[in-house]
Amino acid sequence: MKKNEKRSECPISRSLDLFGDKWSLLIIRDIVFKGYRFYNQFLDAGEGIATNVLSDRLKKLELYGFVISKKYEKQKTKKVYQLTEEGIGLIPILLEMMAWGFKYDDTLLIPDDRVGIVDRIWNDREAFLEEVITSLRNFDSKNFC
């Protein structure tokens, strides 16, 4: 798999070239906000991603330096995926997308156990962001979504 060519010197365009397709962002979302680490978790996330698309996006995310994979210590035939520091840098973008979605899509169903998260996004976004990043760096899988 080769790296994308730049369409322009616009940073928004370049960012979209690298991580802008929906599947890549949903994989990153699942790592960040759901604590997913394994291929089958991404596959069974409920979004309906095809196996070939998932495999391609994971390879692409690794190629661009957003994700690394390692052999899982408990089962050497499995890979465990985690974000790099560059991938962690995407978390504020995802958080802003969540906030925008909550604000402008009144059809979103928010489970009772997630209302507190929505409140934190609105009222204490920086502290929530720090908790998410700390949880991710400590491999303390929490479901924030």
Side-chain angles (χ1 to χ4, degrees), residues 1-105 108 110-111 113-114 116-145:
M1 179 178 295
K2 66 178 189 165
K3 289 196 175 192
N4 280 345
E5 297 294 322
K6 286 184 190 179
R7 285 184 288 193
S8 73
E9 293 300 320
C10 172
I12 294 172
S13 177
R14 188 61 182 149
S15 297
L16 291 171
D17 289 340
L18 298 175
F19 65 80
D21 73 273
K22 79 175 180 180
W23 293 119
S24 295
L25 288 174
L26 291 174
I27 291 167
I28 293 169
R29 174 210 59 192
D30 289 345
I31 293 172
V32 173
F33 296 113
K34 294 183 177 183
Y36 291 179
R37 300 286 182 264
F38 301 102
Y39 184 90
N40 283 339
Q41 288 177 309
F42 302 122
L43 192 60
D44 297 334
E47 303 287 344
I49 190 169
T51 57
N52 62 322
V53 174
L54 175 57
S55 178
D56 178 70
R57 292 316 184 278
L58 286 168
K59 287 175 188 173
K60 178 181 167 186
L61 289 168
E62 278 195 89
L63 178 69
Y64 294 143
F66 297 114
V67 170
I68 58 171
S69 66
K70 298 178 182 177
K71 287 186 179 180
Y72 185 48
E73 291 181 18
K74 295 180 182 177
Q75 190 177 349
K76 300 292 184 189
T77 58
K78 287 177 81 171
K79 284 184 178 181
V80 61
Y81 294 90
Q82 64 189 69
L83 290 184
T84 62
E85 286 302 310
E86 192 169 340
I88 289 171
L90 295 171
I91 296 172
I93 295 168
L94 293 176
L95 191 57
E96 290 303 317
M97 291 175 75
M98 284 175 67
W100 185 91
F102 287 135
K103 183 174 183 176
Y104 293 106
D105 186 349
L108 285 174
I110 304 169
D113 64 338
R114 299 292 179 237
I117 289 173
V118 176
D119 288 340
R120 290 186 65 204
I121 290 171
W122 289 120
N123 300 315
D124 198 7
R125 195 170 300 178
E126 288 300 316
F128 180 69
L129 176 62
E130 186 59 36
E131 182 182 342
V132 170
I133 291 172
T134 299
S135 172
L136 193 63
R137 285 187 175 137
N138 292 336
F139 305 102
D140 179 20
S141 298
K142 292 183 181 180
N143 188 343
F144 292 103
C145 216

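This structure is a prediction, so every number in the text was calculated from the model and none was measured.
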Under the 3.5 angstrom rule, does the side chain of [X] hit a backbone N or O of [Y] as a donor-acceptor pair?
X      : Y      : result
Asp105 : Gly101 : no
Arg125 : Arg120 : no
Ser55  : Thr51  : no

Distance-minimising heavy-atom pair for Ala50 and Leu43: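 Closest pair (atom of Ala50, atom of Leu43, distance): C-CD1, 4.4 Å.
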Mind listing the closest non-hydrogen atom pair of Ala45 and Lys34 along with its distance? O-NZ, 4.1 Å
If we check salt bridge (Lys or Arg N to Asp or Glu O under 4.0 Å) with Arg137, which of these qualifies: Glu131, Glu130, Glu85?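 Of the listed options, the one satisfying the test is Glu85.
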For salt bridge (Lys or Arg N to Asp or Glu O under 4.0 Å), just list the numbers for Lys103 and Glu96, CA-CA rounded to whole Å, side-chain angles, deciding distance to a tenth of an Å, and then say yes or no. CA-CA 10 Å; Lys103 183 174 183 176; Glu96 290 303 317; over 6 Å; no
From [X] atom [atom1] to [Y] atom [atom2], the distance as rounded to the nearest 0.5 Å:
X      : Y      : atom1 : atom2 : answer
Glu86  : Leu18  : CD    : CG    : 8.0 Å
Leu129 : Asp124 : CG    : CG    : 10.5 Å
Phe128 : Ile121 : CZ    : CD1   : 4.5 Å
Asp44  : Tyr39  : CG    : OH    : 10.0 Å
Ile88  : Ile28  : CD1   : CD1   : 11.0 Å
Ile31  : Phe42  : CD1   : CZ    : 4.0 Å

Once the angle between the rings of Phe66 and Tyr64 is folded into 0 to 90°, is it parallel (under 30°), tilted (30 to 60°) or perpendicular (over 60°)?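 Perpendicular: the ring planes of Phe66 and Tyr64 meet at over 60°.
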Is there a side-chain contact between [X] and [Y] (heavy atoms, below 4.5 Å)?
X     : Y      : value
Ile91 : Leu136 : yes
Phe33 : Val132 : yes
Leu26 : Arg57  : no

Hey, could you give me each pair passing side-chain hydrogen bond (donor to acceptor under 3.5 Å, both in side chains) that has a residue in residues 74-84? Not counting sequence neighbours.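 The answer is none; no pair qualifies.
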Go through the steps for Lys22 and Leu25 under the test side-chain contact (heavy atoms from CB on, under 4.5 Å), then give the verdict. CA-CA 5 Å; Lys22 79 175 180 180; Leu25 288 174; 5.8 Å; no
Going by ring pair (Phe, Tyr, Trp, His ring centres under 6.0 Å), name the residues that satisfy it together with Phe102, two or more places apart in sequence or in a different chain. none
Taking the basic N atoms (NZ, or NE/NH1/NH2) and the acidic carboxylate oxygens, is any pair closer than 4.0 Å for Lys59 and Asp56?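 Here Lys59 does not pair with Asp56 in a salt bridge, since their nearest N and O are not under 4.0 Å apart.
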